[in-house]
Amino acid sequence: MLYDTDCKMKPDPTVTFCRVCEPGCGLTVTRDEEGRPTGLRPDRSHPGTLGFACALGTQFLATATHPSRILAPLLRDESGELVAARWEAALDQVGRTLERIRKEHGPHSIGVYMGEPAGYGLMTLLATPAFVKAIGTRNAFSSAPQDCNNKFWAAREIYGHEAIHPIPDFDRCDLAVIAGMNPMVSKGSYLFLPHGMEKIRAVEKRGGRVWWIDPRRTESVRSVGRHLPIRPGTDALLLTWLVQQVAQTPGWAEAVKITPTLNPLLADLPAVSLDDLARMTDLDPKAILSLRDDLLQARSPIIHMSVGVNFGPFGSLCYVLLHALMLGLGNVDRDGGWLYHPFGLWLGRHSKLLGIGTQRAKSRIGGFEPVLDSQPGAILAGEILTPGPDRIRALIVIAGNPLWSIPGETKLREALKALDLLIVIDLFRGQTAELAHAILPGRTWLERADFSTLGTVIQNRTWLSYSAPVLEPLGESKSEWEILFRILSAMHVGGPFRRLLHGALARWDHDRWLVRAQALLRRLFDRHGQGKGRAIPVAGPSAQGNASRASLHPDHTLHLCTPNILAETKRFVAWFSQIRSETPSLHGEDGWIPVSLIGRRRSLMYNSWHGSDGPGGGDGTALVHPATAARIGLATGQLLELRSNGGETLKMSWEASDGLPESVVSVPHGLTTINVNRLLPSGAEWVEPLSGQHIMTGIPASARRA
């Protein structure tokens, strides 16, 4: 049903907000004469996103109504084919099998994987941990370790909770240093700037400076500012050197008075000389010194690191070093510097009430402690294939495609095939779903009522977006959270009261009640209509002493040198000592040339929903430096063959680009026909040992002419 505030049908054109990624851009819905949606456009009246929206949002109606979308449950029959089934039959079969596995092998024999789209639906975000807790399993996985687990882990060490993160104030800074981010293609992680490139260009227009730290001369780099083309995976070296330079200034001593752990952190870092830094990062020493001078001379410098840095071998330490650098520069909790969102601080203090971030049971494989209740996906295959008690025998995948997003496709494919039961809740028959015993059709964000969720905590916004459903639910699809509670009911989990609760939640018309809640909140907090029927005004990030309240540690200070952080610095020191004396080889054997792989996101390839047969297209072209192409012997029209150190190979088209360092090959991810993650090494040794963050950039590989 489509509801207005009185819960009546509302077929008129209305407004919504995107739930593909963090920003949650405002959208307007155009309709035909019969009230059917015909398109999505940027909402110029949305107070938070100011008329900004990317193609992922504006083209999502084509995704939601795509002919290949699953609109009824599918069960695998005796012949091995996936055939349509009624909901009652599907839930009965799924519930009975899960109940049997749980009774015979214990709760940890059931695993749950939550994909990123599930995190942008309020009810699914709340229902998934409740589902995991009801089953009693420690084997919960998510897409976060392929994206930003390092920041969650570091925030827990520094502030005492994963939800607390500083937000850079681009509107008032006079120096912006941006590492591992390409906002002209990807709209920002832990940051959203409506019309972001305009805001970044505005830094220069008002007399400031912009620096980009990125191996590739990206679309954003070509647009504005100066570029440091750093060798992939060496960001921690540059940050270490910058911290050591700032530590020689009077501002450092002032910062130590507020954050005493700065000096112990400094003492643990290796001494990095400018010569070592330039040689090991492939950077021009003059450019490094120019960046340092700009940082020291700026009145309001900000530094922001995104997924390009997260993917490196020391992404967690980089985030810690970033804090040390900003504290030493004296620009935390100041206009034009780093700010804190009060909602993030509230969530950190009250997360236990919501059951968020409370799990501490370590994994069977690798002994990883969960971060924000999630285990690293790199061990999923091992948890399934390794014999022993608590081996995963059933897996529920919610709005995700782990076979395509987790490194090590070959081993994970073997593992998924070995499961007694694989259930996928999704929109399409993706690569993971093709192996499932049951596919249950979920709904899109156009078909449900919602409030903005994750993005509110880590964005520089002062609005809480909301939306009623704007598209009638298609076919027999159901919301993910409803499916989860129906599965629990079918499993007969818990005592009589809990079973009654699960059944009631599965039948609850949450859209109707969320729309009523939206109307009530609008009357209470938006009496003057500033939200324009699209958002509720909330307190946003500001320099009002939030830094003094950010730490949840008993001493109320930021902890930059905990035992865990010390363990990371020791690992970094050992790595530094090893590669300090290494000389990268440009020559290989048997026609294979050594290269380093980095990923590349394109504007319509955010996730597998935008695949080669959908609105996103599919361009599997690698970028290769001309000198590297010459060493390989590549000619126009020939295919490039890439080989991982584990022996996996992949053939793809290529084009020359002098916008990246020699011996670095940039490969696109998110394609449906080519999975570059097959080349990425998998297993516990290829994740950060404490954060569980996957190492996914600067990966050693080899290349030759196919």
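Note that the coordinates shown come from a computational prediction; the quantities given were computed from them, not determined experimentally.
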Tell me, with the steps shown, if Y340 and Y159 meet side-chain hydrogen bond (donor to acceptor under 3.5 Å, both in side chains).
-> CA-CA 12 Å; Y340 293 91; Y159 299 103; 2.7 Å; yes
May I have the step-by-step check of salt bridge (charged side-chain N to carboxylate O under 4.0 Å, His left out) for R36 and D32, ending in yes or no?
-> CA-CA 5 Å; R36 292 172 299 198; D32 60 20; 3.0 Å; yes
Partners of L552 by side chain to side chain contact (heavy atoms under 4.5 Å, CB included), sequence neighbours excluded?
-> H161, I164, R349
R222 CZ: over 12 foreign heavy atoms closer than 6.0 Å = yes
Is it true that a side-chain atom of T124 and a backbone atom of A118 form a donor plus acceptor pair closer than 3.5 Å?
-> no
Closest heavy-atom pair, H341 versus P541, reported as atoms and distance to 0.1 Å, is CD2-CD, 3.5 Å
Any side-chain heavy atom of M114 sitting closer than 4.5 Å to one from V132?
-> no
Donor-acceptor contact present, side-chain N310 to main-chain D147, <3.5 Å = yes
Establish, yes or no, whether a centroid distance under 6.0 Å links the rings of H46 and W463.
-> no
Check whether any side-chain heavy atom of R69 lies under 4.5 Å from a side-chain heavy atom of S477, and answer yes or no.
-> yes
Are more than 12 heavy atoms from other residues, nucleotides or ligands located less than 6.0 Å from atom CZ of R527?
-> no
Okay, side chain of E447, backbone of L474: is any donor-acceptor separation there less than 3.5 Å?
-> yes
Worked verdict on I178 versus I200 for side-chain contact (heavy atoms from CB on, under 4.5 Å) | CA-CA 10 Å; I178 307 166; I200 293 172; 3.9 Å; yes
Test of ring centre spacing under 6.0 Å for F485 and W508 | no
Sequence neighbours excluded, the answer for side chain to side chain donor-acceptor pair (under 3.5 Å) partners of R19 is T16, D450
Closest non-hydrogen atom pair, Y466 against G533 | OH-C, 3.2 Å
Approximate separation, where rounding is to 0.5 Å, of Q359 CD and S374 OG = 11.0 Å
Do L27 and V470 come within less than 4.5 Å of each other through their side chains, counting heavy atoms only?
-> no
Compare all side-chain heavy atoms of F131 with those of I487 and state whether any distance is below 4.5 angstrom.
-> yes
Heavy atoms, side chains only, cut-off 4.5 Å: are M305 and N150 in contact?
-> yes
When rounded to the nearest 0.5 angstrom, what distance separates OG1 in T28 from CZ in R44?
-> 9.0 Å
Say you draw a straight line from OG of S551 to CD1 of I158; how long is it, rounded to the nearest 0.5 Å?
-> 10.0 Å
When you look at R206 and D174, which way does the salt bridge (charged side-chain N to carboxylate O under 4.0 Å, His left out) test go after all the steps?
-> CA-CA 8 Å; R206 59 177 179 261; D174 64 348; over 6 Å; no
Check against side-chain contact (heavy atoms from CB on, under 4.5 Å), L56 and C18 = CA-CA 9 Å; L56 285 175; C18 181; 5.6 Å; no
Go through R429 and I439 one step at a time and tell me if the side-chain contact (heavy atoms from CB on, under 4.5 Å) criterion holds.
-> CA-CA 8 Å; R429 288 177 61 161; I439 307 177; 3.9 Å; yes
Taken to the nearest 0.5 Å, the spacing of I135 CD1 from I396 CD1 works out to 5.0 Å
If you measure from CG on L484 to CD1 on I425, what distance do you get to the nearest 0.5 Å?
-> 4.5 Å
Can you name the closest pair of heavy atoms from F451 and I536 and give their distance?
-> CE2-CD1, 4.2 Å
Side-chain heavy atoms of I302 within contact of F170, under 4.5 Å = yes
Do you know which two heavy atoms are closest between G540 and P342, and how far apart they sit?
-> O-CD, 3.4 Å
Evaluation steps, side-chain contact (heavy atoms from CB on, under 4.5 Å), between T14 and R31 | CA-CA 9 Å; T14 184; R31 298 180 182 273; 3.7 Å; yes
Does E22 reach the main-chain N or O of Y190 with its side chain, forming a donor-acceptor pair under 3.5 Å?
-> yes
Over all atoms of both residues, closest heavy-atom pair of S220 and W212 = CB-CH2, 3.6 Å
Answer whether the closest heavy-atom distance between the side chains of W481 and L122 falls below 4.5 Å.
-> no
Heavy atoms of E162 and A155 approach each other most closely as O-CB, 3.9 Å
OH on Y319 to CD on Q693, rounded to 0.5 Å = 12.5 Å
Output yes when a side-chain donor or acceptor of N401 lies under 3.5 Å from a complementary backbone atom of G430, and no otherwise.
-> no
Show your reasoning for whether side-chain hydrogen bond (donor to acceptor under 3.5 Å, both in side chains) applies to R172 and S300.
-> CA-CA 8 Å; R172 288 169 286 194; S300 299; over 6 Å; no
Check for a donor-acceptor pair, side chain of T65 on one end and backbone N or O of L61 on the other, with a separation under 3.5 Å.
-> yes
Side chain to side chain, M123 and R448, heavy atoms closer than 4.5 Å | no
Could you label the plane-to-plane angle of the W346 and F343 rings as parallel, tilted or perpendicular, counting under 30° as parallel and over 60° as perpendicular?
-> parallel
T30 backbone acceptor or donor facing T38 side chain under 3.5 Å = yes
Give a yes or no on whether R41 atom CZ has more than 12 heavy-atom contacts from other residues, nucleotides or ligands under 6.0 Å away.
-> no
Backbone N/O of S452 and side chain of S465: donor-acceptor pair under 3.5 Å | no
Indicate yes or no for a side-chain donor-acceptor contact from W338 to the backbone of I303 under 3.5 Å, with no hydrogens or angles considered.
-> yes
